[in-house]
2 protein chains.
Amino acid sequence: MNTVELIRKKRNKEELSESEIRFLVTSYIKDKIPDYQFSALLMAIFFNGMSTEETAHLTKEMLYSGKVIDLKSIQGVKIDKHSTGGVGDKTSLILAPIVAAAGVKVPMISGRGLGHTGGTLDKLESIPGFRTDLNLSRYKSVVNKCGTVLIGQTKDIAPADKLIYALRDVTATVESIPLITSSIMSKKLAEGIDGLVLDIKTGSGAFMREEKDARKLATALINTARAFDKKVIGFITDMNQPLGNYIGNWLEVYESIKVLLGAGESAADLVEVTLQLSGAMIYLGGKASSIEEGVEVSREMISSGKAFDKFLEIVKLQGGDVSLIKNPEKYPKARIVETVRAEKSGYFNAIDNYALGMISLELGAGRMTKEDVIDPKAGIIFYPKLGDKIKEGDIIAEFHTGRKNKIEDMKNKLYNIISIDGKKKAKPKLIKEILI
Amino acid sequence: MNTVELIRKKRNKEELSESEIRFLVTSYIKDKIPDYQFSALLMAIFFNGMSTEETAHLTKEMLYSGKVIDLKSIQGVKIDKHSTGGVGDKTSLILAPIVAAAGVKVPMISGRGLGHTGGTLDKLESIPGFRTDLNLSRYKSVVNKCGTVLIGQTKDIAPADKLIYALRDVTATVESIPLITSSIMSKKLAEGIDGLVLDIKTGSGAFMREEKDARKLATALINTARAFDKKVIGFITDMNQPLGNYIGNWLEVYESIKVLLGAGESAADLVEVTLQLSGAMIYLGGKASSIEEGVEVSREMISSGKAFDKFLEIVKLQGGDVSLIKNPEKYPKARIVETVRAEKSGYFNAIDNYALGMISLELGAGRMTKEDVIDPKAGIIFYPKLGDKIKEGDIIAEFHTGRKNKIEDMKNKLYNIISIDGKKKAKPKLIKEILI
């Protein structure tokens with residue numbers, strides 16, 4: 001096959017066949033197609049998109065560029081969840097033990113945070129001793145023993161995705177629905193799952209700011225999952241404000257523990273999104289006859305203490321310090337805890353949630369480059385929810401940081417990204433759509 | 001500046017500034033931007049185009065990547081012609097001596113043929129001894145002495161174009177109006193000209209098959225020429241059949257000699273297009289007050305013998321064998337001259353002119369790759385013009401070739417690409433538009 005002709009074909013909006021996509025991906029991995037041709041192809045895909053079939057073929061080639069984990073020897077239905085990420089999104093930490101406690105297997109391969117969003121691995125690693133770098137045989141044995149496991153991507157999984165993602169990153173071809181879809185799905189399908197629940201976030205703190213783009217991505221992901229005969233449910237959820245109140249690695253583990261313990265004061269939005277997702281996972285796993293029933297089962301797992309016990313079991317099996325999960329107040333505090341108070345009274349009507357994530361990052365909770373070191377204690381507790389009435393002088397946030405020199409700047413930044421007005425605006429809808 | 005951000009900017013249909021385009025081109029030439037980023041940029045340009053300003057900036061950077069010839073020391077107005085190329089297009093050979101004879105300087109840097117179209121350099125080099133590889137000081141002295149010069153591109157001229165063109169060629173980004181425009185204009189502007197006449201061909205034998213695309217390219221070329229304060233006139237002319245009757249290198253020199261001698265049987269279409277172009281050049285050069293008057297001056301240059309004398313002078317100054325121009329019948333014939341006769345009677349209504357160019361190439365007149373060697377004697381004489389009535393058995397073509405094994409195939413091919421019908425169709429308009 002002729003690479004230039006295949007680039008031209010995609011450029012001219014024609015559909016690439018399965019064998020053409022196979023040729024392109026396998027040749028690129030073997031270094032038989034140079035980067036400059038592959039990047040031109042990626043840009044043509046950016047503009048012309050890919051059909052459902054093309055996206056599935058691309059996903060397949062990326063998936064089979066590496067190892068596909070075989071979990072057939074493990075009993076039960078295996079269901080994972082994928083979120084496109086956001087600010088304060090700690091649902092994985094809460095729903096994995098809930099769903100596993102309900103008898104559905106949850107094998108999870110997660111990522112790290114980069115930019116304004118956090119990553120499940122970084123959050124888990126804030127627990128002293130917690131190991132996310134288990135090898136595949138240990139991965140299987142942990143999921144077999146306790147019903148769930150939370151690890152990072154190994155180099156055996158979808159190596160084509162790593163190569164292609166690195167090229168997309170430097171050629172402005174990241175924001176393409178079929179490329180995002182194949183990247184996500186090739187990694188998820190490698191986990192050996194039977195089904196997948198998708199949480200596609202939209203709003204100022206999400207990768208897909210516009211709801212219509214979130215819907216497009218959700219549809220592409222669902223179509224691809226179905227092309228591989230996987231059960232799938234997609235949620236489109238709001239990310240115009242942080243999910244829950246805690247942002248930052250240990251702070252999010254702490255809030256997750258509170259939710260798992262059924263603490264009354266837990267943020268309602270966090271609980272609602274998490275239980276919808278866990279309910280859908282339990283339903284797909286065959287342990288409930290509907291999402292609603294799955295939500296009820298989830299509540300039982302919390303109220304009975306089974307979900308929290310499951311969390312202790314995972315932490316222990318993955319080497320984490322269980323005593324800190326039992327007594328989270330003993331976790332070392334950030335060197336500086338700075339209170340931020342409202343400068344005026346009114347209704348809290350808007351926040352640039354992306355910018356809030358960036359403030360948390362600057363306080364030490366995230367990384368700008370892959371080499372940056374995270375401060376597990378750093379972050380923000382952000383109290384008000386959109387639509388809340390606020391009085392001047394009310395505490396609206398707490399900064400947790402080791403970086404004294406950042407505090408003034410970040411306070412000013414925070415004041416700049418929120419709006420408190422005289423008239424109450426409509427709150428964003430939390431669960432915007434369920435695609436089933 | 002950040003290369004990824006600039007690619008993203010173009011990808012998002014924003015306009016790049018002069019300094020951004022300078023950064024991109026100069027960094028690419030210095031190998032500071034890798035091919036894979038530049039090819040992604042080229043594909044983004046393919047999809048989103050460039051404004052008149054961006055195209056001018058790109059042209060400027062490509063132009064100043066190399067030497068710009070200074071012809072200020074040479075008296076008179078310097079006017080060149082550029083054609084997008086076609087089958088049997090030998091107008092340069094005829095108009096250069098006509099216009100120079102009329103007192104306008106014609107410094108021409110031409111290209112070679114590749115694919116179905118011929119190249120002026122290959123045609124000239126069919127004249128034994130003719131040198132097209134003059135250096136720039138000899139280039140100046142020849143144009144100063146006889147008013148015109150016809151050479152090939154030197155490596156000093158627009159080296160950025162060579163690099164970028166090579167990348168476009170392997171990344172399916174050739175067919176982009178702003179990229180074609182900057183490639184053409186950076187080389188033409190380097191010649192040291194004051195004005196330019198453009199011949200944009202359209203039809204089955206042209207690079208721009210559709211008239212609307214030809215018009216877009218013409219407009220972009222004209223706008224760019226004007227951005228550099230050059231006088232410019234654009235013609236959109238028909239290429240649905242060969243221009244004139246002779247196709248192939250020496251065959252086209254031969255037909256050019258006939259036109260320069262004012263031979264009565266010269267093809268009317270070739271004469272009309274050539275004299276329109278030369279008329280426009282003479283007008284731009286200030287030696288006529290309109291294109292029409294320029295055409296009249298051109299006719300005088302032919303009838304007085306001055307144009308032919310000028311051609312002899314150029315050939316002599318560039319080292320060619322003048323005796324063969326004076327006695328073209330003495331030129332060696334191709335080993336095989338095969339007559340092709342009409343298989344049926346009717347009106348000659350259509351020809352795939354691209355395919356006709358490819359037949360000529362297969363007979364030895366052109367090259368598929370840059371390394372192929374051309375047979376200067378090879379080609380086709382194709383007699384009928386669209387709309388002509390033909391009788392079965394009439395000679396429609398003569399193949400001139402050294403490749404005996406090709407003849408049968410090429411005859412069949414020729415029969416397949418022409419249509420002779422009972423009903424006469426409308427002839428294509430020869431000069432479709434003059435953009436002034």
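Quick note on labels: first sequence line is chain A, next is B, and so on, each numbered from 1.
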> Looking at M43(B), R11(B), E175(B), which has the largest count of heavy-atom pairs under 4.5 Å with chain A?
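Among the listed options, the one with the most contacts to chain A is R11(B).
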> Please classify the contact of L167(B) with chain A as side chain, backbone, both or neither, using a heavy-atom distance under 4.5 Å.
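When you check distances to chain A, only side chain atoms of L167(B) fall under 4.5 Å.
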> Is any side-chain heavy atom of V174(A) less than 4.5 Å from a side-chain heavy atom of Y165(A)?
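Yes; the side chains approach each other to less than 4.5 Å.
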> Out of L42(A), D169(A), T3(A), V4(A), return the one with the most heavy atom pairs under 4.5 angstrom to chain B.
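Ranked by heavy-atom pairs under 4.5 Å with chain B, first place is V4(A).
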> Are E362(B) and R403(B) ion-paired here, with the side-chain N under 4.0 Å from a carboxylate O?
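No, no charged N to carboxylate O under 4.0 Å.
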> Taking NZ, NE, NH1 and NH2 as the nitrogens, is one of them in K9(B) or E14(B) under 4.0 Å from a carboxylate oxygen of the other?
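Answer for the salt bridge query: no.
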> Do L163(A) and F38(A) have side chains that approach each other closer than 4.5 Å (heavy atoms only, starting at C-beta)?
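No - every pair of side-chain heavy atoms lies 4.5 Å or more apart.
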> Among the options L6(A), N48(A), T173(A), L41(A), pick out the one with the most heavy-atom pairs lying under 4.5 Å from chain B.
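The option with the most such pairs is N48(A).
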